[in-house]
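Structure, as structure tokens:
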Amino acid sequence: MGKLTDRIAIITGAASGIGQTCAELFAAEGAKVVVADLQEDTGKQVAASVGGTFQRVDVTDASSVEEMVQATVAAHGRIDILMNNAGIDGEQAPTAVSTLENWERVMAINMDGVYFGMKSVLPVMIEQKGGVILNTGSTVGLNAMGYLPAYTASKAGVIHLTKAVAIENAMHHIRANVICPSVVDTPLLQHFMKNAADPESARAGFASLNPLPGMVTRDAVAKAALFLVSDDSAFITAVALPIDGGYTAR
Ligand code: NAD
């Protein structure tokens, strides 16, 4: 018996990186996973590999997010888990010379997308008298990072928004938490390091920030996510959990 047997789980941004690894682990634990992403080809491949279904979604578009939720209810009758995970890092620049275009794009995906996801799924979870929301934050939402103003602000916003939703909906047996990984090797990191002269030493530099040796792995993030969406964390809500080898304790 898996930890998520027969649970219906939507994961946004599941065509790649952390979301993909969570889709694989949740499915291995018995969940029926809806792989929701903008990327259709890779999203369909991930969905097929985990025995789930693919749903195209643009999390910046409230109607697209609502469609994702309603299509899942129509297919499965309920939604037990929503993981709002889609996100981008955006461009690196000091705030003084950063662009409004970058601010709006990062906020639209990382912040509006999480809000739209929770706004659409909450009526379903309230009606069914329970559910679990897990949002992907970041250690930069706990400890600010320079040169990424929109990303840092969006991740801090996700943490507080999630806590507010957790408080509001606890009476409906709905839990809402955030995972806050430090740097993880994914396509997002490759984009972040696109101007690095020596990506390997940049990786080693990131790893050296964590008191525990090495970088956080996708597997470690997915296992923490599994804990927060399963009954193992039945009385845990409104938590922003660092998965950072101790980085934010410094
Ligand atoms: P990734 O680039 O591998 O995956 C992100 C996914 O989001 C992609 O599949 C992409 O298609 C999807 N996506 C982007 N815009 C979308 C949109 N508008 N609608 C639907 N899907 C969209 O990156 P990742 O590192 O796996 O990032 C996943 C989450 O983890 C993000 O929220 C990110 O901020 C967070 N995070 C990443 C790291 C890291 O170091 N990689 C650290 C902390 C937090």
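Both counts, for ligands and for their atoms, begin at 1 and track the order of listing. Position 1 is the first residue of the sequence; numbering continues from there. Heavy-atom basis, side chains included; hydrogens, waters and symmetry copies ignored.
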Do the non-hydrogen side-chain atoms of Glu67 and Gln70 ever get within less than 4.5 Å of each other? no
For a quick check: using heavy atoms under 4.0 Å, what are the residues in contact with ligand 1, sorted by chain and number? Gly13, Ala15, Ser16, Gly17, Ile18, Asp37, Leu38, Gln39, Val57, Asp58, Val59, Thr60, Asn85, Ala86, Gly87, Ile109, Thr136, Gly137, Ser138, Tyr151, Lys155, Pro181, Ser182, Val183, Val184, Thr186, Pro187, Leu188
Output, in order, the C-alpha distance, side-chain angles, deciding distance and verdict of side chain to side chain donor-acceptor pair (under 3.5 Å) for Thr60 and Asp112. CA-CA 6 Å; Thr60 69; Asp112 296 1; over 6 Å; no
Passes side chain to side chain contact (heavy atoms under 4.5 Å, CB included), Asp232 versus Lys3? Steps please. CA-CA 8 Å; Asp232 286 347; Lys3 288 182 187 286; 2.7 Å; yes
Is a salt bridge present between Asp6 and Lys32, judged by a nitrogen-to-oxygen distance below 4.0 Å? yes
Side chain to side chain contact (heavy atoms under 4.5 Å, CB included) between Leu241 and Val178, intermediate numbers included: CA-CA 6 Å; Leu241 180 67; Val178 189; over 6 Å; no
Evaluate side chain to side chain contact (heavy atoms under 4.5 Å, CB included) for Ile243 paired with Lys223, printing each intermediate quantity in order. CA-CA 10 Å; Ile243 307 156; Lys223 283 180 176 154; over 6 Å; no
